[in-house]
Structures are given as C-alpha cells and as structure tokens.
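Each chain gets a letter, A, B and so on, in the order the sequences are listed, and its residues count up from 1.
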Number of protein chains: 2
Amino acid sequence: MNASIQDINGIIHGRLRLGVMAYLSSVNPASFPELQQKTGATNGNLSTHLTKLETAGFIRQEKGYSGKRPQTLVHLTPAGRDAWIEYLGAMRDMLKL
Amino acid sequence: MNASIQDINGIIHGRLRLGVMAYLSSVNPASFPELQQKTGATNGNLSTHLTKLETAGFIRQEKGYSGKRPQTLVHLTPAGRDAWIEYLGAMRDMLKL
DNA sequence: AATTTTAGTTTGTTTTTCAAACTTGTTTGT
DNA sequence: ACAAACAAGTTTGAAAAACAAACTAAAATT
C-alpha cells in the first residue's frame with residue numbers, strides 16, 4: 001500500500017478534530033462539554049470544528065436536554081468510523097508504526 | 001502517559017511537513033527534488049515548509065552543487081530526530097496504535 | 001543564440017484556526 | 001421576585017497557515 005501524505009484525510013488530520021475523532025472512537029456518543037474538557041479547546045473553537053466534521057458526514061450532533069439544560073451529544077457516524085479506520089491505516093503505514 | 005492533542009507537535013503535524021519528516025526519518029539527507037517528488041508538493045510550497053522546519057531547528061538545508069547544478073540537501077538534525085521520536089510516541093499513544 | 005529545463009524563492013490569495021464577544025436560557029443568592 | 005452569575009453553544013473578526021502562480025538565475029539542449 002505504502003501510504004503517503006495524499007492518503008491522509010485532511011479533515012480528520014487537523015489537531016483538534018483528530019482529538020475529537022480519537023476520543024469518539026472509544027467513547028460514543030460524547031457530550032460537548034466532555035469533548036471540550038478532553039481536547040482543551042474553547043467552546044467556540046470546538047463548535048467550529050464539530051460543524052466541519054458534521055459537514056463531512058463524520059459525526060452527527062444530537063441536540064437534546066439533560067434535565068432543563070441543553071445538551072449536545074456528538075455521535076460518530078458509520079461513515080466517520082470508516083474514515084477513522086482508514087486514517088489509522090494510512091498513518092500507521094506512513095509512520096511505519 | 002496518555003497523550004492528548006496538546007502533546008502533538010504542531011510544526012511536525014502539518015500534512016506536508018509530516019511527509020517530509022517521515023521521509024527524512026528513513027532517508028537522510030534527501031535532496032529538494034526528491035522531497036518534492038515524494039510529497040507531491042509544488043516547489044514553492046515545499047520551500048516554505050522547509051523554511052518552517054528549519055526555523056524550528058528540525059532540519060538543516062545544505063546548499064551545494066551536484067556537478068554544476070545547485071542542489072539543496074535537507075538534513076534531519078539531532079533535535080529534529082528527537083522531536084520526531086516524540087511525535088511518534090504521542091501519536092501512537094493517542095491513536096492507540 | 002534562442003529555448004527549454006532545473007532549482008529554487010518571493011509574493012499574493014485563499015483557507016484554516018482560534019478566541020473574544022454575543023445569545024439564550026438556568027440556577028443561585030438576597 | 002429580581003439581579004447576578006453560570007452553562008451551553010454560536011457568530012464573528014482577526015491572525016496564522018497553506019498553497020500555487022509568478023519570478024529569478026543558471027545550465028543544458030537544439
């Protein structure tokens with residue numbers, strides 16, 4: 001296969017989005033504040049990147065309530081999981097891990 | 001250790017620079033055209049990113065000649081190798097590879 | 001001697017990243 | 001009950017990064 005940088009999904013590769021995807025790959029779904037805490041991002045920044053991942057079809061944002069407070073649950077979609085697997089493969093190959 | 005995105009070196013992480021570092025980690029030094037071919041970057045773009053890696057102290061650009069043609073050889077510095085090792089560790093940990 | 005090719009740098013535009021400021025609604029203190 | 005502080009996000013504007021086109025300079029080719 002011998003992956004090179006062209007094979008690395010740029011949407012996933014961004015630092016913050018990579019953190020989100022990595023976390024979602026083991027904790028799915030995860031809440032917005034949970035992701036914020038795990039990534040250390042500001043809420044504004046996280047919001048922007050989630051929108052980007054959502055536009056790419058990798059995650060889904062479910063807006064509901066926890067009690068009376070609004071709560072967004074972020075789900076990894078099947079397409080997102082596929083893309084994640086592929087990303088891992090490409091990185092493993094490229095970095096020779 | 002449990003690495004998160006904060007532990008990932010942003011200079012190295014950029015797509016193109018990552019390709020350069022990965023290549024240099026096994027072929028050191030490498031010529032400018034060789035890197036261009038391997039990464040698929042335009043020469044302008046590659047030049048910019050090499051400058052960035054050089055400023056960070058991760059590579060050294062040796063300007064010499066191959067016969068009469070100018071040839072830039074790009075060397076991974078010891079600091080660059082250290083940073084690379086650390087990057088690999090952080091990624092391995094974060095991606096659970 | 002004109003044209004093409006090689007090797008790179010500089011410059012300007014587009015894209016991306018990021019955080020401050022704002023919005024909307026909730027809880028807490030007095 | 002009313003104001004102040006808090007929580008959960010979104011919008012927006014500024015800074016940084018990525019990228020490719022245009023340029024420079026010298027060598028090889030015709």
Side-chain angles (χ1 to χ4, degrees), chain A residues 4-24 27 29-56 58-75 87, chain B residues 4-24 27 29-75 83 87:
Chain A
S4 77
I5 63 168
Q6 281 89 358
D7 305 303
I8 288 178
N9 187 314
I11 302 282
I12 294 182
H13 190 66
R15 288 260 290 317
L16 182 45
R17 293 188 301 268
L18 182 59
V20 169
M21 293 293 286
Y23 189 69
L24 285 177
V27 180
S31 70
F32 189 100
E34 187 179 0
L35 287 173
Q36 198 184 333
Q37 190 260 313
K38 290 296 173 184
T39 59
T42 60
N43 47 13
N45 199 11
L46 179 57
S47 176
T48 307
H49 285 290
L50 287 181
T51 298
K52 194 156 194 173
L53 285 171
E54 186 171 42
T55 301
F58 296 162
I59 63 158
R60 181 169 55 83
Q61 300 194 62
E62 180 193 2
K63 274 137 208 286
Y65 287 87
S66 164
K68 298 204 166 179
R69 294 191 164 291
Q71 187 189 44
T72 299
L73 284 181
V74 181
H75 298 259
Y87 176 83
Chain B
S4 78
I5 63 167
Q6 281 89 359
D7 305 305
I8 289 178
N9 187 314
I11 302 283
I12 293 182
H13 190 67
R15 289 259 289 322
L16 181 45
R17 291 187 303 266
L18 183 59
V20 169
M21 293 294 285
Y23 189 69
L24 285 178
V27 180
S31 70
F32 189 101
E34 187 180 0
L35 287 174
Q36 199 184 334
Q37 189 260 312
K38 290 294 173 185
T39 59
T42 58
N43 48 12
N45 201 9
L46 180 57
S47 177
T48 307
H49 286 290
L50 287 181
T51 298
K52 195 156 194 172
L53 285 171
E54 186 172 43
T55 301
F58 296 163
I59 63 157
R60 181 169 55 82
Q61 300 194 61
E62 180 192 2
K63 277 139 208 284
Y65 287 86
S66 164
K68 297 205 167 179
R69 294 192 164 290
Q71 187 188 45
T72 299
L73 284 181
V74 181
H75 298 259
Y87 177 83

A:T48, nearest nucleotide to its side chain (from C:dA19, D:dC19, C:dA7): C:dA19

Between B:L35 (CG) and C:dT9 (P), how many Å, whole number? 12 Å

With a cut-off of less than 4.0 Å, is there a side-chain N or O of B:K63 near OP1 or OP2 of C:dT9? yes

Could you walk me through whether B:F32 and B:L50 pass side chain to side chain contact (heavy atoms under 4.5 Å, CB included), step by step? CA-CA 9 Å; B:F32 189 101; B:L50 287 181; 3.7 Å; yes

Determine, stepwise, if the pair A:V20 / A:H49 fulfils side chain to side chain contact (heavy atoms under 4.5 Å, CB included). CA-CA 9 Å; A:V20 169; A:H49 285 290; 5.9 Å; no

Between atom OH of B:Y23 and atom CD of B:E34, what is the distance when rounded to the nearest 0.5 Å? 3.5 Å

Between atom OH in B:Y65 and atom P in D:dA27, what is the gap in whole Å? 7 Å

Please figure out whether A:N45 or B:Q71 has its closest DNA chain C nucleotide nearer the 5' end. B:Q71

Proximal nucleotide (of C:dG8, C:dT6, D:dA8) relative to the B:R69 side chain: C:dT6

Among D:dA18, C:dT9, C:dA19, the nucleotide that comes nearest once only the side chain of B:H49 is considered: D:dA18

Counting only side-chain nitrogens and oxygens, does B:S47 get under 4.0 Å of the OP1 or OP2 atom of C:dG8? no

C:dG8 OP1/OP2 closer than 4.0 Å to side-chain N/O of B:T72: yes

Atom-pair distance (CD on A:E34; P on D:dA7), nearest Å: 17 Å

Please tell me if A:K52 has a side-chain N or O lying less than 4.0 Å from either OP1 or OP2 of C:dT15. no

Write down the distance between CG (A:N43) and C1' (C:dT17), rounded to a whole number of angstrom. 15 Å

Just N and O in the side chain of A:R17: are any of them under 4.0 Å from OP1 or OP2 of C:dT17? yes

Classify the nucleic acid contact of B:T51 as base, sugar-phosphate or nothing, counting any heavy atom under 4.0 Å across all strands shown. nothing

What is the distance, rounded to the nearest whole Å, between atom CG of B:L50 and atom P of C:dT9? 8 Å

Return the value, rounded to whole Å, for the distance between atom CD of A:Q37 and atom P of D:dG9. 15 Å

Using a 3.5 Å distance criterion without hydrogens, assess whether the side chain of A:Q61 forms a donor-acceptor pair with backbone atoms of A:E54. no

Can you say whether the rings of A:H13 and B:H13 are parallel (under 30°), tilted (30 to 60°) or perpendicular (over 60°)? parallel

For the pair made of CG in A:L16 and P in D:dA17, what is the distance, rounded to whole Å? 16 Å

A:L18 CG to C:dT17 C1', straight-line distance once rounded to whole Å: 15 Å

Please classify the nucleic acid contact of A:Q36 as base, sugar-phosphate, or nothing, using heavy-atom distances under 4.0 Å. nothing

